[in-house]
Amino acid sequence: MNDLIELLNEKQKQAVLSESQFSLVLAGAGSGKTKTLTTRIIYLIEELYVNPRNILAVTFTNKAANEMKERVCSYSQKDLPLTVKTFHSFGAYILRLEASLAERNQYFQIYDDDDSKKLISEIIKKFDIAKSNLGTIKSWISKYKQCLEDYSKMEYKDQTYLEIYKRYNKALKDANCFDFEDLLLQPVKIFSNYEEVLKKYQRHYQYILIDEYQDTNLSQYQLIKYLVGQNNSLMVVGDEDQSIYRFRGADVSIILNFTEDFFGGEVIKLEENYRSTSNILNLANSVISNNKFRLGKELFTKGLDGDKIILFDCYDEEDEARKIISLILGEHLTYKDTAILYRINNQSRAFESILNKNKIPYTVVGSIAFYEREEIKDAISILKWLVNPQDKIAFERFVNKPVKGIGEKALVHFYEESQNFNNDLFVTMQNIDSVKNLTKKTKDGFIKIYEVFKDKESVIARKTVDELIDYYLDNLGLTEYFKTKDEKENTDKIANIKEFISSIKYKTSGLDTLLLFLEEFSLSASTLKDNGQNTGTVKLMTVHNAKGLEFENIFVSGMESDIFPHRNSIHDEEGLEEERRLFYVAMTRAKRKLFISFCNNRNSFGYMEQKDPSKFLYELKIDYLELKYLSKSAINTLGFKGNKTLSTNFLKKINFQIGDFVRHKDYGTGKIINIKEKNGKNLVTVDFLDYSLMDFVLEFTKLEKLSDR
DNA sequence: TTCCTGCAGATTTTT
DNA sequence: TCTGCAGGAA
Ligand SMILES: Nc1ncnc2c1ncn2[C@@H]1O[C@H](COP(=O)(O)OP(=O)(O)OP(=O)(O)O)[C@@H](O)[C@H]1O
């Protein structure tokens with residue numbers, strides 16, 4: 001144990017050994033907050049002989065939770081029963097045990113945003129509300145739950161919304177489901193209503209530790225406030241400059257008010273950064289210091305200056321991807337130590353396609369796109385409905401697929417009758433004769449479904465999760481349905497299902513495993529596929545997803561106005577400052593090399609749009625920058641007077657040779673017949689099939705290469 | 001009442 | 001480029 005502690009600096013040690021009941025570690029990026037928290041857990045177990053059962057550690061993502069637990073256990077070299085979860089998975093865990101106190105049973109399922117939206121859209125049909133308001137209402141409801149149903153906190157007040165809210169919750173209850181916000185709200189309600197239950201959990205979790213406390217929202221805070229009783233110890237760590245989840249209700253003032261909320265709390269500040277070179281740190285600091293709403297803090301490193309940060313501009317997003325690739329190859333960056341970060345998910349497209357073309361292995365981290373495919377959602381819905389036959393949203397995904405005459409109206413009659421059977425849709429099918437107004441065809445459809453599921457209990461007991469998916473997709477006719485679709489529309493649905501099935505780790509049969517699988521899927525679908533096969537790949541992710549991570553080499557891409565800061569966040573100062581914090585988080589992920597790029601044009605909905613550099617780029621201090629790959633015009637625009645010349649060498653390296661076939665957006669396909677230098681740029685001559693010869697300045701033109709080498 | 005097709009409109013960030 | 005859904009055919 002001492003060996004571990006000796007590796008820490010004085011401030012970190014102070015935190016690990018702290019005897020205060022409440023303590024806050026407030027420190028900048030890369031100062032070892034997570035490491036300190038983890039070491040403290042080990043210290044509690046190994047030195048203070050705290051029973052691991054009595055420890056609750058809360059992390060921001062499930063991945064971080066697994067890693068933290070893994071670290072603690074590997075130090076002790078055994079599987080310890082400590083609880084490391086996200087707020088949401090902790091909430092789900094409590095609800096699973098106390099479901100009846102929240103009017104559910106233990107088989108409840110968790111609705112994702114899509115499911116919630118479907119439920120809401122059913123409800124607003126009965127109101128005079130346009131479909132286009134669905135998104136607004138969904139976020140209103142989320143917000144209302146996040147602030148613990150405090151109507152005075154809602155900016156927009158509307159009695160109709162409240163009425164919808166009531167019906168929505170009733171529908172959730174009838175479906176025996178919770179939405180994501182419920183996972184926090186309902187435990188808080190339980191704790192406030194049932195004192196003896198609260199006491200039980202207070203006794204259980206004597207030591208509570210929370211990472212990334214700056215991104216806590218009110219319901220999470222209240223949950224902790226309840227859990228921390230007279231005798232509980234609490235340590236939180238965070239950095240107000242890294243608060244980036246305001247859109248989810250995160251409130252920085254919660255961390256700033258810590259010493260008042262938890263009276264007498266000790267505050268420990270870590271000021272030494274162990275992650276980044278000093279150029280990276282200084283550059284990041286030059287940006288974040290533009291924020292007004294911050295405490296301001298010291299952050300230094302004893303490390304090397306390191307390389308200067310390379311700032312470069314690109315013609316468009318594909319050019320950006322190509323340049324990043326040539327930098328990765330040119331600078332000999334190891335794939336696995338390299339991450340490309342971006343503001344919005346769809347920026348990954350260009351990177352993926354160009355990385356693919358160049359056969360560079362990559363992993364998109366935290367992308368849920370795969371799990372949002374029709375076939376995957378259908379498979380999951382079947383499983384969800386198997387354990388929870390009250391779930392209409394799940395039922396509707398497969399009940400009429402392939403078509404068997406069960407439409408909207410038929411379902412209305414069916415659901416009406418289901419109320420007499422405790423909303424159990426399986427039992428309702430069993431009693432299909434009592435459903436009125438069904439045509440013969442429709443009724444036969446229901447009977448068909450019933451036949452497939454009538455022995456579901458024994459099938460669940462017998463089959464593993466992957467076998468269940470296979471079995472029911474086959475029997476419901478979905479496999480056949482997808483096969484036909486694959487052929488007709490040239491999709492890969494069957495292949496996707498195969499891939500999904502093979503990624504399932506659970507290999508035992510039975511209801512318990514199924515429940516476990518579904519809970520993990522609902523809470524962290526995006527990390528499911530992270531199965532160790534991703535070593536040796538370049539990582540692609542949003543900046544939000546990079547929170548808490550570190551890489552040797554970081555590319556921060558798409559630093560353009562409207563994207564970063566995002567156009568929807570620039571209307572108030574707080575939004576803008578949050579975007580700046582996001583940029584700060586992005587830069588401080590880098591240990592050794594940092595690259596920042598932006599495009600002068602970007603495709604959006606098939607149109608090429610001209611782009612301006614992000615306003616944050618003007619805040620970068622030139623002392624820490626390497627501008628050799630930045631175009632002259634960009635140097636002028638950004639007001640960098642360094643006046644370095646553009647390296648033509650760099651661009652040549654990327655690609656084009658005489659003899660290459662290329663495609664131009666307007667002129668079609670052609671062959672490069674000449675390349676020459678002109679004013680420091682590359683002038684290419686292309687012989688187009690449908691046009692005559694054309695000259696282009698390579699740097700200013702989008703030419704797609706058709707053949708490789 | 002169900003099914004199919006063409007077209008308008010969409011993209012912030014996530015547990 | 002992709003997707004959901006309105007509107008009309010069956
Ligand atoms: N005392 C130390 N000596 C050497 N390395 C350290 C020390 N403390 C932390 N580190 C290293 O510094 C890096 C950053 O640590 P950690 O991720 O815990 O920081 P953090 O404050 O949680 O960062 P962030 O807030 O940016 O997520 C890690 O690689 C960690 O191993």
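Naming convention: chains lettered A, B, ... in sequence-line order (proteins, then strands); numbering from 1 in each chain.
- With rounding to whole Å, A:D179 atom CG is found 14 Å from B:dT14 atom C1'.
- When rounded to the nearest whole Å, the span between CD of A:E579 and P of B:dT13 equals 11 Å.
- The ring pair (Phe, Tyr, Trp, His ring centres under 6.0 Å) check on A:Y584 picks up nothing, with sequence neighbours excluded.
- Residue-level contact check: A:T439 touches neither bases nor backbone, having no heavy atom under 4.0 Å from any strand.
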Could you go over nucleotides 2-8 of chain B and give all protein N or O partners under 3.5 Å, atom names and distances?
unit_1, atom_1, unit_2, atom_2, d
B:dT2, OP1, A:G407, N, 2.7
B:dT2, OP2, A:E408, N, 3.1
B:dT2, OP2, A:K409, N, 3.2
B:dC3, OP1, A:G405, N, 3.4
B:dC3, OP2, A:N400, ND2, 2.9

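- At least one side-chain nitrogen or oxygen of A:T542 sits closer than 4.0 Å to the OP1 or OP2 atom of B:dT14.
- Map A:H413 and A:Y245 each onto its nearest nucleotide of DNA chain B; the residue landing nearer the 5' end is A:H413.
- Relative to the side chain of A:R248, the nucleotides B:dT13, B:dT15, B:dT12 differ in distance, and B:dT15 lies closest.
- Applying the salt bridge (charged side-chain N to carboxylate O under 4.0 Å, His left out) criterion to A:R343, with sequence neighbours excluded, gives A:E579.
- When all heavy atoms are compared, the tightest approach of A:V543 to A:L582 is CG1-O, 3.3 Å.
- A donor-acceptor distance shorter than 3.5 angstrom exists from the side chain of A:N600 to the backbone of A:C314, with no hydrogens or angles considered.
- Separating the CZ atom of A:R343 from the C1' atom of B:dT14 is a distance of 12 Å, rounded to the nearest angstrom.
- Map A:S89 and A:S604 each onto its nearest nucleotide of DNA chain B; the residue landing nearer the 5' end is A:S604.
- Taking side-chain N and O atoms only, A:N62 has no distance below 4.0 Å to OP1 or OP2 of B:dT15.
- We find that CG of A:D562 is positioned 16 Å from C1' of B:dA10, with the value rounded to whole Å.
- Screening A:R580, A:R294, A:R581 for a salt bridge (charged side-chain N to carboxylate O under 4.0 Å, His left out) with A:D241, the sole residue that qualifies is A:R294.
- Rounding to whole angstrom units, CD of residue A:E578 and P of B:dT14 are separated by 13 Å.
- Not counting sequence neighbours, the partners of A:R373 by the side chain to side chain contact (heavy atoms under 4.5 Å, CB included) test are A:F370, A:E375, A:I376, A:N496.
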Check: protein-nucleotides 2-7 of chain C nitrogen or oxygen pairs below 3.5 Å:
none

Could you list the donor-acceptor pairs under 3.5 angstrom formed by side chains in residues 392-399 of chain A, with sequence neighbours left out?
unit_1, atom_1, unit_2, atom_2, d
A:E396, OE2, A:Y415, OH, 2.6
A:R397, NE, A:D378, OD1, 2.7
A:R397, NH2, A:D378, OD1, 3.1

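- In this structure, the CD atom of A:E181 is 10 Å from the C1' atom of B:dT14, given to the nearest Å.
- The side-chain heavy atoms of A:T86 and A:L523, taken from C-beta on, include no pair separated by under 4.5 Å.
- Aromatic stacking of A:H566 on B:dT12: satisfied, with centres closer than 5.5 Å and planes within an angle under 30 degrees.
- Once the 5.5 Å centre distance and the 30° plane angle are applied, the aromatic ring of A:F180 is found stacked with the base of B:dT15.
- Ring stacking holds between A:F247 and B:dT13, with the centres under 5.5 Å apart and the planes within 30 degrees of each other.
- A cation-pi contact links A:R248 to A:Y245, judged by a cut-off of 6.0 Å to the six-membered ring centre and 45° from its axis.
- In this structure, A:N568 places its CG atom 5 Å from P of B:dT12, rounding to the nearest Å.
- Considering only side-chain N and O atoms, A:N545 lies under 4.0 angstrom from the phosphate OP1 or OP2 of B:dT14.
- In this entry the distance linking CG of A:N346 with P of B:dT12 reads 9 Å, nearest Å.
- As judged by a 4.0 angstrom heavy-atom cut-off over every strand, A:N345 is placed among residues touching the sugar-phosphate backbone only.
- When the nucleotides B:dT14, B:dT12, B:dT15 are ranked by their closest atom to the side chain of A:T61, B:dT15 comes out on top.
- By the 6.0 Å and 45° rule, A:K539 does not stack over the aromatic ring of A:Y362.
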